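As the structure is a prediction and not an experimental result, all values here were calculated from the model. Each chain gets a letter, A, B and so on, in the order the sequences are listed, and its residues count up from 1. As a basis for the values below, the full set of heavy atoms in this structure was taken, side chains included, without hydrogen atoms, waters or symmetry mates.
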Number of protein chains: 2
Amino acid sequence: MVFDITRHRMTKQRQLILDVLRNTDNHPTADRIYEQVRQVMPRISLGTIYRNLRVLKEGGEIQELNYGSSYSRFDGNPSGHYHFVCRVCGAVSDIELPVMKEINTLAAQVISGKVESHRLEIYGLCAGCGKGIV
Amino acid sequence: MVFDITRHRMTKQRQLILDVLRNTDNHPTADRIYEQVRQVMPRISLGTIYRNLRVLKEGGEIQELNYGSSYSRFDGNPSGHYHFVCRVCGAVSDIELPVMKEINTLAAQVISGKVESHRLEIYGLCAGCGKGIV
DNA sequence: GTACGTGCAAATATTTTGCAGCAGT
DNA sequence: ACTGCTGCAAAATATTTGCACGTAC
């Protein structure tokens with residue numbers, strides 16, 4: 001699906017937010033997206049950022065992530081993939097590991113419900129933070 | 001570790017919160033814990049709930065979970081285990097699946113940092129919600 | 001007796017929403 | 001032109017914190 005144009009309009013704001021998310025790999029927060037977008041469109045409001053993030057998420061264009069923080073991060077890559085989270089600096093990066101469908105199969109054997117998907121995050125120290133610590 | 005009594009005091013409030021968490025398996029939110037505890041100790045404050053949840057978490061007595069919602073849930077079982085989240089009713093339940101250490105090994109091969117742990121959640125429909133839906 | 005802990009209330013932080021005018025199709 | 005979208009500001013939600021008093025050790 002490209003975009004549900006029968007219900008949604010591709011406004012300049014929405015396109016810009018999507019562009020920002022697709023051209024970064026650091027999984028920014030709403031506030032960080034706001035800063036980025038404001039450099040091009042200074043009068044955009046944070047409410048518009050949040051409204052568009054929701055629409056884009058519901059349309060399957062982007063993903064929302066939240067890893068123990070009080071805020072969400074967003075990922076312009078909507079396809080299933082895993083993430084690595086540094087416990088020191090909080091950076092989130094993509095993991096080049098294929099999605100393991102067998103996890104769903106395993107889980108289905110012990111769950112009295114319908115298994116649909118799973119989410120996996122790896123925690124540790126990123127290369128940069130690992131160096132500084134003894 | 002039982003509890004770091006050299007730094008922390010086991011107050012009635014803290015003990016009660018811990019008891020509530022240990023005697024339930026539905027991974028309650030802070031607010032729900034507050035309601036429970038208030039039935040026994042009506043003058044306790046929500047601030048105290050949050051402060052104690054943090055102390056208990058830092059002491060390794062409990063776990064904090066957050067799955068895409070804007071609020072956290074808490075788990076009185078501090079040992080590593082996986083969770084199943086129903087996408088309809090939002091219920092969170094424990095999964096009887098052993099922790100797969102090989103996931104860390106696999107991840108370590110493709111990550112340029114130090115892998116320490118991982119978190120896995122299964123999503124789907126719980127038994128109750130699966131029935132109602134065609 | 002000494003800190004840590006508590007209740008209360010105010011403050012933060014993040015996200016959502018009402019509204020009147022704007023703009024994509 | 002129709003209806004969704006925007007900016008603005010206020011509200012809602014979840015969590016944290018300052019303070020004076022209380023209590024576990």
Side-chain angles (χ1 to χ4, degrees), chain A residues 2-21 27-59 61-75 90 92, chain B residues 2-21 27-59 61-75 90 92:
Chain A
V2 177
F3 204 75
D4 186 352
I5 52 169
T6 60
R7 290 176 63 180
H8 293 297
R9 297 169 182 174
M10 185 47 82
T11 59
K12 291 185 176 116
Q13 289 86 343
R14 187 163 296 162
Q15 185 65 60
L16 194 45
I17 291 166
L18 193 49
D19 287 349
V20 164
L21 272 173
H27 310 81
T29 60
D31 211 67
R32 223 153 160 63
I33 295 167
Y34 179 49
E35 285 172 23
Q36 286 280 311
V37 171
R38 254 207 307 190
Q39 292 178 14
V40 179
M41 194 179 282
R43 301 195 66 80
I44 198 170
S45 78
L46 198 47
T48 297
I49 301 287
Y50 277 107
R51 272 182 293 230
N52 277 304
L53 288 172
R54 179 190 291 190
V55 169
L56 290 169
K57 183 177 77 163
E58 288 175 358
E61 299 283 323
I62 65 173
Q63 271 188 287
E64 182 175 2
L65 320 171
N66 52 350
Y67 303 125
S69 358
S70 50
Y71 47 83
S72 286
R73 288 169 169 275
F74 295 87
D75 189 335
V92 176
Chain B
V2 176
F3 205 75
D4 185 352
I5 52 167
T6 60
R7 289 176 63 179
H8 293 296
R9 298 170 183 173
M10 185 47 82
T11 58
K12 289 182 177 123
Q13 289 87 343
R14 188 164 295 161
Q15 185 66 60
L16 195 45
I17 292 167
L18 193 50
D19 287 348
V20 164
L21 271 172
H27 309 81
T29 60
D31 212 66
R32 227 157 155 62
I33 296 167
Y34 179 49
E35 286 172 23
Q36 286 281 312
V37 171
R38 254 208 304 191
Q39 293 178 14
V40 179
M41 194 179 282
R43 302 196 66 80
I44 198 171
S45 78
L46 199 46
T48 296
I49 302 286
Y50 277 106
R51 272 183 292 229
N52 277 305
L53 287 172
R54 179 189 290 188
V55 168
L56 290 169
K57 184 177 77 165
E58 288 175 359
E61 298 284 322
I62 66 173
Q63 270 188 292
E64 183 174 2
L65 320 171
N66 52 350
Y67 303 124
S69 355
S70 50
Y71 47 82
S72 286
R73 287 168 168 275
F74 296 86
D75 189 334
V92 176

Output a table of donor-acceptor pairs, distance under 3.5 Å, between side-chain atoms of residues 34-43 of chain A and any protein atom two or more places apart or on a different chain; print 'none' if there are none.
from: A:Tyr34; atom 1: OH; to: A:Arg38; atom 2: NH1; distance (Å): 3.4

Options D:dG7, C:dT25, C:dC8, nucleotide nearest the side-chain atoms of A:Met10: C:dT25
Less than 4.0 angstrom between a side-chain N/O of B:Arg14 and OP1 or OP2 of D:dA24, yes or no? no
Between D:dT15 (C1') and B:Arg32 (CZ): distance, integer Å: 19 Å
Just how far, in rounded Å, is C1' of D:dG7 from CG of A:Leu16? 15 Å
It should be established whether B:His8 places a side-chain nitrogen or oxygen under 4.0 Å from OP1 or OP2 of nucleotide C:dC4. no
At what angle, to 10 degrees, do the two end axes of the helix from C:dG1-D:dC25 to C:dT25-D:dA1 meet, given five pairs define each axis? 50°
Touch check for A:Asn52, heavy atoms < 4.0 angstrom, all strands: base, sugar-phosphate only, or nothing? sugar-phosphate
Which part of the nucleic acid does A:Ser72 contact within heavy-atom distance under 4.0 Å: base, sugar-phosphate only, or nothing? sugar-phosphate
For the side chain of A:Gln13, starting at C-beta, report the closest nucleotide among D:dT15, D:dT6, C:dG7. D:dT6
Please determine, for the side chain of B:Ile44, which listed nucleotide (C:dT14, C:dG7, C:dT15) has the closest atom? C:dG7
Residue from B:Arg14, B:Lys57, B:Glu61 passing side-chain hydrogen bond (donor to acceptor under 3.5 Å, both in side chains) with B:Asn52: B:Arg14
note: A:Leu65, atom CG; C:dT14, atom P; distance rounded to Å ~ 16 Å
Under 3.5 Å between N/O atoms: give me all the protein pairs with nucleotides 17-23 of chain C, atom names plus distance.
from: C:dG18; atom 1: O6; to: A:Arg51; atom 2: NH1; distance (Å): 3.3

